[in-house]
Amino acid sequence: MRILFLTHAFNSLTQSLFVELTTRGHDVSIEFDINDTVTREAVSLFRPDLIVAPYLRRAIPEDVWRNNICLIVHPGIKGDRGPSALDWAIMNAETDWGVTVLQATGEMDAGDIWAGGHFLVREATKSSLYRREVTQGALDAVVKAIGKIEAGGLVPEPQDLSVAFRPLVKQENRAIDWARDDTATVLRKIRAADGFPGVDDVIGGNAYALFDAHPETGVKGVPGQIIGRRHHAICRATRDGAVWITHLKPARTAGERPFKRPAAMALGNELDGVPEILEPTWREIRYEEADGVGYLYFPFYNGAMSTDQCKRLEAAYREACSQDTRAIVLMGGGDFWSNGMHLGAIEGADSPAEESWRNINAIDDLCHAIITTETHLTVAAMRGNAGAGGVFLALAADRVIAAPHVVLNPHYKNMGNLYGSEYWTYLLPKRVGEAGVSRVMGRRLPIGAPEAAQMGLIDECLDGGKIRDYAKAFANAGDVPARLAAKRKSRREDEAARPLAEYRKDELERMRLNFFGFDPSYHIARYNFMRKTPASRTPLFIASHRRMGGK
Ligand code: COA
């Protein structure tokens with residue numbers, strides 16, 4: 001089928017759907033919902049058999065939905081209607097939730113239902129549920145709906161209009177009452193608003209939106225007060241415990257469009273005198289051991305890795321290498337394995353160019369430590385998506401595995417034509433050959449894990465639940481000493497052919513130009529990315545109907 005995606009952005013769900021439907025042989029093109037005229041133009045250029053709206057914030061023009069079947073992905077169960085479906089589900093502590101695929105009509109979410117499914121609601125942020133359960137549910141439901149449409153003759157089920165339309169959640173619904181709310185309530189409120197719009201609150205007389213909260217059970221204090229800090233996170237007391245908050249977004253002002261940044265960076269001097277909590281019950285980087293394998297978890301918020309986070313992860317990695325184990329598995333986070341440098345910490349720095357330089361060097365140091373590990377076999381186990389430098393960081397490991405649903409964006413170009421580092425010029429050709437390098441770096445499109453395995457970018461696809469069995473077998477096979485010896489030999493040969501330092505030097509020379517050179521593209525792209533500047537047109541690499549006039 002010719003399927004046009006009409007979407008607000010090429011977000012994670014849209015990318016997963018794009019990968020799924022193109023893999024199934026559909027011809028998919030994408031148009032951002034910019035205005036009605038542009039939408040009509042896209043429809044007439046592409047002449048789709050079907051329009052799918054995976055992530056839409058506005059109504060589809062009437063002539064478009066009347067003349068085409070338009071399927072809307074709604075992150076709610078049958079009967080649920082309104083723009084804050086997941087927010088309400090989390091705030092009301094629903095345990096069973098779902099996704100429905102509805103046909104667009106004149107009324108929001110009121111059209112007939114083509115397909116849908118249910119999932120159990122994890123204790124997680126809205127965006128985490130969206131990226132995992134909702135995305136999987138949407139894939140299943142859209143595929144099912146397309147099957148029905150292709151089969152023909154099937155009539156969709158009417159939406160249950162007896163259930164009331166639920167309005168947009170407002171900040172007054174989200175507000176935290178620090179004196180009254182217990183930890184569970186505070187967490188639920190912040191998670192229901194995370195990644196967007198956050199919960200508005202006041203710290204030291206200034207307004208911020210709060211993001212990425214985790215429970216702390218080891219300390220107590222006056223509810224609402226900042227009672228401790230740890231690295232970039234702050235710890236605030238609740239009625240019955242405390243919560244860590246890692247990211248803040250300052251309130252919008254007349255002259256500045258704010259963006260999220262690490263909490264300690266946002267608060268600056270405000271934290272003077274706040275004690276460091278040295279033994280917290282929540283840790284950003286976690287290490288576990290089982291069956292001769294060390295597992296390193298680093299679920300950094302949004303997969304972004306600041307200079308400090310890279311350094312701490314490198315230290316944790318080196319510590320893991322000093323243990324009496326045979327393999328180390330780099331587990332990343334459940335939502336994202338890694339998305340490379342922390343563009344928010346860079347954007348908020350006094351000198352973004354200098355901070356970019358520090359950040360890329362810190363991530364390169366971490367890569368170097370992984371590439372040159374001689375004592376252990378290493379595995380990068382991607383349970384969540386990875387982008388840009390995050391993908392190449394994974395390639396530093398001996399084995400790279402990814403869950404089948406994982407979507408990779410192994411390119412830097414979308415961030416203002418960044419050249420990229422992380423030793424990609426060493427790591428990528430080893431995996432995909434010289435011909436594969438331009439295919440991977442030039443294409444700018446997301447790649448699903450199965451395709452990545454097929455092209456040799458990763459070693460294999462494996463369900464997240466099977467990682468431990470895989471690692472155990474890998475680390476306890478009789479040939480581990482032989483494999484380590486082969487690894488040392490191959491590294492020595494590679495080093496003799498061209499030292500790692502040279503790859504790094506060449507990459508960083510190009511990055512230096514990106515950061516400090518005449519062309520400001522990277523700084524402009526980062527500025528817009530962090531502030532979510534709406535797109536004014538759909539990039540041609542995803543809008544195939546606009547290339548060659550749709551032919
Ligand atoms: N630094 C800071 N924040 C980042 C980030 C990074 N490297 N990568 C992603 N994020 C944030 C986004 O701002 C967004 O924030 P939100 O919670 O306010 O919505 C969130 O992570 C999710 O990102 P989004 O772009 O909506 O996710 P996606 O699944 O649609 O796309 C990527 C994934 C990786 C393609 C996209 O996030 C991206 O291009 N990231 C930048 C990668 C990069 O250039 N890194 C630097 C070079 S190494």
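In listed order, ligands and their atoms are each counted from 1. All values derive from a computational prediction rather than experimental measurement.
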Quiz item: For the ring pair Y423 and F392, is the centre-to-centre distance below 6.0 Å?
Solution: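 No: the rings miss the under 6.0 Å criterion.
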Quiz prompt | H232 and H342 aromatic centres sub-6.0 Å | solution =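 When the ring centroids of H232 and H342 are compared, they turn out to be at least 6.0 Å apart.
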So is [X] in contact with ligand 1, going by heavy-atom distances below 4.0 Å?
X	result
L418	yes
K532	yes
R526	no
N414	no

Within ligand 1, which atoms have a heavy atom of [X] less than 4.0 Å away?
X	value
R131	20 (C), 22 (C)
N11	30 (O)
M415	41 (C), 44 (O)
A388	42 (C), 43 (C), 44 (O), 45 (N), 47 (C), 48 (S)
Q15	30 (O), 31 (O)

Exercise. Assign the ring pair F515 / Y522 to parallel, tilted or perpendicular, where the plane angle (0 to 90°) is split at 30° and 60°.
Key: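 It falls in the tilted class, 30° to 60°.
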Practice problem: Take the angle between the ring planes of F298 and W337 and call it parallel below 30°, perpendicular above 60°, tilted in between. | Solution: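 Aromatic pair F298/W337 classed perpendicular.
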Is the closest N or O pair between [X] and ligand 1 shorter than 3.5 Å?
X	result
N302	yes
L343	yes
N339	yes
M341	yes
N409	no

Exercise. Give the residue, atom name and distance (to 0.1 Å) of the protein heavy atom nearest atom 29 (O) of ligand 1.
Key: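 That would be S12 CB, 3.2 Å.
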Quiz prompt | Nearest-contact summary for atom 17 (O) of ligand 1 - protein heavy atom, Å | solution =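 Residue, atom and distance for the closest contact: K260 NZ, 2.7 Å.
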Quiz item: Of K189, R236, R188, which meets salt bridge (charged side-chain N to carboxylate O under 4.0 Å, His left out) against D181?
Solution: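 Exactly one pass, corresponding to K189.
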Quiz item: When you check the gap from the basic side-chain N to the acidic O, do R174 and D200 get nearer than 4.0 Å?
Solution: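 Between D200 and R174 there is no salt bridge, as every charged N stays at least 4.0 Å from the carboxylate O atoms.
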Is [atom] close to the protein, meaning a heavy atom under 4.0 Å from it?
atom	value
atom 6 (C) of ligand 1	yes
atom 26 (O) of ligand 1	no
atom 32 (C) of ligand 1	no

Short side-chain donor-acceptor distance under 3.5 Å, [Y] and [X]:
X	Y	value
S521	D519	yes
T14	N11	yes
Y503	D364	no

Quiz item: So with a 6.0 Å cut-off around CD of E123, is the heavy-atom count from everything else above 12?
Solution: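 Not buried by this count: 12 neighbours or fewer within 6.0 Å.
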Exercise. Determine whether more than 12 heavy atoms belonging to other residues, nucleotides or ligands lie under 6.0 Å from atom CZ of R510.
Key: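 No, the 6.0 Å shell around CZ holds no more than 12 heavy atoms from other groups.
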Quiz item: Counting heavy atoms only, which of A9, S356, A304, G389 comes nearest to atom 3 (N) of ligand 1?
Solution: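 It is A304 whose heavy atom sits nearest to atom 3 (N) of ligand 1.
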Quiz prompt | Among Y55, F529, F259, closest by any non-hydrogen atom to atom 37 (O) of ligand 1 | solution =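 Minimum heavy-atom distance to atom 37 (O) of ligand 1 goes to F529.
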Quiz prompt | Derivation and outcome, salt bridge (charged side-chain N to carboxylate O under 4.0 Å, His left out), residues E347 and K260 | solution = CA-CA 9 Å; E347 189 62 23; K260 290 178 192 174; over 6 Å; no
Quiz item: Is the cationic atom of R498 (NZ for Lys, CZ for Arg) positioned less than 6.0 Å from the six-membered ring centroid of Y426 and within 45 degrees of its normal?
Solution: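 Not satisfied by the 6.0 Å and 45° rule.
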